[in-house]
> 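Here you go, one structure.
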Amino acid sequence: MNEKKKNYKDTLNLPKTNFDMRAGLLKKEPAMQAQWAKQNLYGQIRDARAGAPRFILHDGPPYANANIHMGQALNKVLKDIVIRYRNMTGYDAPMIPGWDCHGQPIEQKIVEQLGEKMATMTSMEIRRRCAAHADKFVNIQSEQIQRLGVLGEFDKPYITMTPEYESAVLEVFARLVEQGLVFRQLKPVHWSIENRTALAEAELEYHDREDDSIYVLLTTADPSALKGLFNLDDKTPAYLMVWTTTPWTLPANLAVAVHPDFEYSAVKFKHAGRDAIAVIASDLVEKVCGVGGVGKFEVLATARGAAMVDAGITYLHPLIDGKICPVVPANYVTLEDGTGLVHTAPGHGMEDYGTALKFDLEVYCPVREDGTLDETAPDWLIGKSVWDANPLVVDFLGNAGTLFHRQAITHSYPHDWRSKTPTIFRATEQWFVAVDGSMKRGTTLREMAMDACRKSADEGGMDFVPAWGRNRLAGMLESRPDWCISRQRSWGLPIPAFFDEAGLVLLTPASVRAVAKRFAERGSDCWFTDSPAELLADYNPADDPDLANPNTFDAAKLHTGHDIFDVWFESGSSWFAVAIQRGLVGEIPVDLYLEGSDQHRGWFQLSLLPALGAAGLPPFRTVLTHGFVVTEDGHKMSKSLGNTIDVIDQLSKRGADILRLWVASQNYQDDVRCSESLIAQSEDAYRKIRNTLRFCMGACCDFDPASDAAEPSEHSLDRWMRLELHQLVRDVRGAYDRYEFHRATRLMYEFCTVQASSIYMAAVKDRLYCELSDSPHRRATQAVLHEVLVTLVKLLAPILPHTAEEAWEHIPARDPNEPESVHLTLLPEYDEAMLEMAEDLRPVNPDLAQFSSDEIQVGPAWIWDRLLELRADGLVKLEALRNAGVKNPLDAEAVFSIAAADPAAEAFMETYLGELEDLLGVGYARIEKISSTSLQPVSDTLPIAVRVEDTREKYARCARSWKRRPDVGSDADYPDLSARDAEVMKTLGKSI
RNA sequence: GGGCUCGUAGCUCAGUUGGCUAGAGCACACCCCUGAUAAGGGUGGGGUCGUUGGUUCGAAUCCAACCGGGCCCA
């Protein structure tokens, strides 16, 4: 018996393929990537698309100082999907990856490594080490990104520290200078007195420190204004009370800030034995009086901060005779500490500085580099260090009777991480790009930027995916201050400004371009090695219309400035340095910038501003943003919390295509959740997709569309499958077009799961395995399966490039006219007419679609919906039968009941009976006519009922197809076979 | 604290302009097959649509407040 069974098995057309069931991505992917590199697949794609319309996705440069993390993987994979998709839809879509190399984090790392040796190092030595560090991580990241399967010009990426890039940045800068947008102004920075240098936020350490906390009474300059506002008619002296822990900043006091919405009280109490009235925020009155040891106090009246500002209240400077200062509004005023009135010294605080810009106060800083007060300070403070000044100021106030209270407090205070000494805020000269200053072309950067935010790309503005990006970018541009582009560090692109002995600046478009030329030839290191005369070798003062006195120009008397550019200025110039200079576009905008949503403030905004200033146009047509990678429960990932998922780890454990499938399955517009189990879920999905492809290959092992193709018959399941496939092509391409990759992924995955595996493949196994290999019925199914295979492989290629390529190589009898690599092909088109026909022939009036009339027009889509309803109903009944003991559906028959006098239903059933047998996977299916009154139809639109019955006693089992059917044994030569199988065996000429 | 934003089954997602009992797939449970086999198939359970109010005949959908998450600022 076993022998016999086995012999029949040999007569079947079982699937055969050497496309591995198990992916083995860990081995195959690197090999495939090496192969792609060897055959220069990227170059081949470029060649194949030469002359086609361009689609430029300009890559934002990641910072080259660490292994890539999941957020970068997400970003790079999304970009790669876009690039591959565009190339497969006939665009010429190049990808030039880039890296951001300059900047504080790398410099800090190097300085940390150097430790004590640092003191003996020159800028050049530090720069060399930084460059080596950046170079190392460019290579590491490049390898890691390519391991993700990302396609691009990795042998010639753009690197911001290269001479050609640096000189391009200077050209953008020259154009901004040309537009009159670049200026120099004081701005407070963190300052290390010990090292006489500006510090970045990251170079600060916070330690506890003890300081004097003082409450100061500021005498009102015009008592009547204050008393008018609070409706006081008292002769008592009136004050504003402020609080500070940095008494040394009081010489630089220029204003008092109040919150416009807070309520302030005029409080009367005894101070130094005399009556006094002081203004304090109402909520803080008790606290302040308590601290100051005031036993009894009286609130005389209250007023809003805004009213104080409106009343034009002024006060006398606490240290400088005759100086009168204003009260200004500020929203950063809080009720946490102090008095609700904030001592404002624009040269010594960031918020104070912002207030100064807003209200046109001087950015006054009487503190020199060495931390001593300069000659503009009161006599008794000149030359004193700020630390020595503290007690002197306190004493002075005490003597003047304006010190309300003094106590020592311990608070967290910033220190220079290297010298461990306390830092101060100190205003220094910085370079700025003006946001509101009008430029040569007439408007301001802010006006241009806001205008671009209001318009769509087609109107000369920008498009946003998702749409709220427009609002977010506009909000930031609306309120942003002038852009401070200078930094006081070594590792960066020098700002090419020269100073003469008098401190006058040489910075004109021509001088910048001269330096740019020098940088292009020698790199920006020459700023530190060459003389100004050498740097300006290409500069002719006589030809420079922007130079005030060409006759007195003497390069020998110049010295170079020490500032470097904010790295954002460098990356913000990439539209010019890369997109234009490397010939991707003749002029901006490029098509797409695609980055994380944090780049609204970063790269998007800081590319938009230079581009508007230098070129008068936005750099991009569309901004697409994605969310951040967060943990499974939606919290942020951070190394310190130890809840990160490591990209490299996942790549070496699961492979790039798994990670890519995870990326593609996520709706990246929100935050993207990531965990082992979520990626594992993608791994499961991957297997399903892979096996679907594998089944198609196996089933088509003896099929060549060129010679064996057969058109599926009119009412066949194959037609339905093709219809589903073309819908899939339409929907997936639409999703790709809208950058909705998670929809594309889900559509394909569910297609594999439901339409392909569960419904179609299960149903057509019998005809594939049991029929003669060249029967038209079987060939038609193979033709559809082949089309499914080729179509799916192409549609999947942007997301699963390795698997698609591997599958492409294994497609049986692949069209020889198609390219060797799937990545050189074009995506399949869908047959619009076919889809329309399927849809348009739906019943005109569903209420009449009873099949009792032959007048009603129904299309394939409608019919197959009904058939699948019948299938679903049948499957539920089969499940019941299985629970009753009939384990194998081949041991059951499906019985379709129709009304005796319903020729339409009868015709319908006769047409689809065979397909329903396969859809249910039963051994046999038959039609039964019953009285219309006893018919309980499966749905109100189809007057047909289905039930299933045990046939184990009724029919014999066909030894070849395993189906129980009435016709088993009908052929005397093959008593153990059904009629169909006996026929097949005869034709095969084999006997058992 | 401010700006922007998100919140539908354990997970990933659908849910057109407010309208049948909120849907898929995965996962899970149970079952089947052993001719896709480290595969394949079937059935089933599971959701107060973040919470609370409001508008409405009717709200996952519109409005408000709140709670929770994220990005960017302060």
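Order of the sequence lines fixes the chain letters, A, B, ..., with proteins taken first and strands second; residue numbering starts at 1 for each chain. In this text, all values refer to a predicted model and were calculated from it rather than measured experimentally. As a basis for the values below, the full set of heavy atoms in this structure was taken, side chains included, without hydrogen atoms, waters or symmetry mates.
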> Between G68(B) and G23(B), how far is it from one C1' atom to the other, in whole Å?
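One C1' to the other, the span is 26 Å.
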> Decide, yes or no, whether a salt bridge links Asp657(A) with Lys28(A) under the criterion of side-chain N to carboxylate O below 4.0 Å.
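Salt bridge: no.
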> Do any side-chain nitrogens or oxygens of Tyr749(A) fall under 4.0 Å of OP1 or OP2 in U12(B)?
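So the side chain of Tyr749(A) is outside the cut-off, no N or O lying under 4.0 Å from OP1 or OP2 of U12(B).
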> Tell me whether the side-chain N or O atoms of Arg694(A) pair up with the base of A36(B) as donor and acceptor below 3.5 Å, since no angle test is needed here.
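Side chain to base: no pair present.
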> Between U16(B) and A60(B), how far apart are the C1' atoms? Round to whole Å, please.
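Between the two C1' atoms, the distance is 14 Å.
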> Inspect the contact between Arg964(A) and Asp891(A) and indicate whether a charged nitrogen and a carboxylate oxygen are less than 4.0 angstrom apart.
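Yes, charged N to carboxylate O under 4.0 Å.
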> Would you tell me if any nitrogen or oxygen in the side chain of Lys688(A) comes within less than 4.0 Å of OP1 or OP2 on G40(B)?
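For G40(B), OP1/OP2 do have a side-chain N/O of Lys688(A) under 4.0 Å.
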> When you measure from the side-chain N and O atoms of Ser665(A) to the phosphate of C13(B), is any distance below 4.0 Å, counting only OP1 and OP2?
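No, because none of the side-chain N or O atoms of Ser665(A) sits under 4.0 Å from OP1 or OP2 of C13(B).
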> G70(B) and U12(B): how far apart are their P atoms, nearest whole angstrom?
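That atom pair is separated by 16 Å.
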> Over 60° means perpendicular and under 30° means parallel, so classify the ring planes of Tyr668(A) and Phe741(A), tilted if in between.
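It falls in the tilted class, 30° to 60°.
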> Sticking with atom C1', work out how far A9(B) lies from G54(B), rounded to a whole angstrom.
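Straight-line distance between the two C1' atoms is 28 Å.
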> Considering only heavy atoms and no angle criterion, is a donor-acceptor pair shorter than 3.5 Å present between the side chain of Arg743(A) and the base of C13(B)?
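Counting by modelled atom types and ignoring angles, no donor-acceptor contact under 3.5 Å is found here.
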> OP1 or OP2 of G42(B) less than 4.0 angstrom from a side-chain nitrogen or oxygen of Arg871(A), does that happen here?
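Affirmative; the distance criterion is met.
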> Looking at Glu915(A) and Leu717(A), would you say the former's side chain and the latter's main chain have a donor-acceptor pair under 3.5 Å?
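Indeed, once roles are kept as given, a pair shorter than 3.5 Å links the two residues.
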> Quickly work out the Asp671(A) CG to C6(B) P distance and round it to whole Å.
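From Asp671(A) CG to C6(B) P: 11 Å.
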> Shortest non-hydrogen contact from Ser571(A) to Ser607(A)?
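So the minimum-distance heavy-atom pair works out to O-OG, 4.0 Å.
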> Of Gln681(A) and Gln599(A), whose nearest nucleotide on RNA chain B comes first from the 5' end?
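Its nearest nucleotide being more 5', the pick is Gln681(A).
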> If you measure from the C1' atom in A22(B) to the same atom in G46(B), how many Å do you get, rounded?
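It comes out at 14 Å once rounded to the nearest Å.
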> Take atom C1' in U5(B) and the same atom in U21(B), then report the distance between them in whole Å.
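About 34 Å, rounded to a whole number of Å.
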> Could you work out the separation of G15(B) and G47(B) based on their C1' atoms and round it to a whole Å?
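Rounded to whole Å, the distance is 14 Å.
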> For G40(B) and Lys765(A) - does any side-chain N or O of the residue sit under 4.0 Å from the phosphate oxygens OP1/OP2?
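No, no such contact exists.
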> What distance, rounded to whole Å, do you find between the two C1' atoms, one in G41(B) and one in U37(B)?
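Nearest-Å result for G41(B) against U37(B) at atom C1': 13 Å.
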> With RNA chain B as reference, determine whether Met637(A) or Gln669(A) sits nearer its 5' end, using the nearest nucleotide of each.
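This one resolves to Gln669(A).
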> Is it true that Arg746(A) and Asp731(A) make a salt bridge, defined as a side-chain N closer than 4.0 Å to a carboxylate O?
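Answer for the salt bridge query: no.
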> Rounding to an integer number of Å, can you tell me how far Lys9(A) NZ sits from A36(B) P?
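Atom-to-atom, Lys9(A) to A36(B), this comes out as 9 Å.
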> Return no unless some side-chain N or O of His742(A) is found under 4.0 Å from OP1 or OP2 of A14(B).
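So the side chain of His742(A) is within the cut-off, an N or O lying under 4.0 Å from OP1 or OP2 of A14(B).
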> How many whole angstroms separate atom CG of Leu875(A) from atom P of G40(B)?
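Rounding to the nearest Å, CG of Leu875(A) and P of G40(B) are 17 Å apart.
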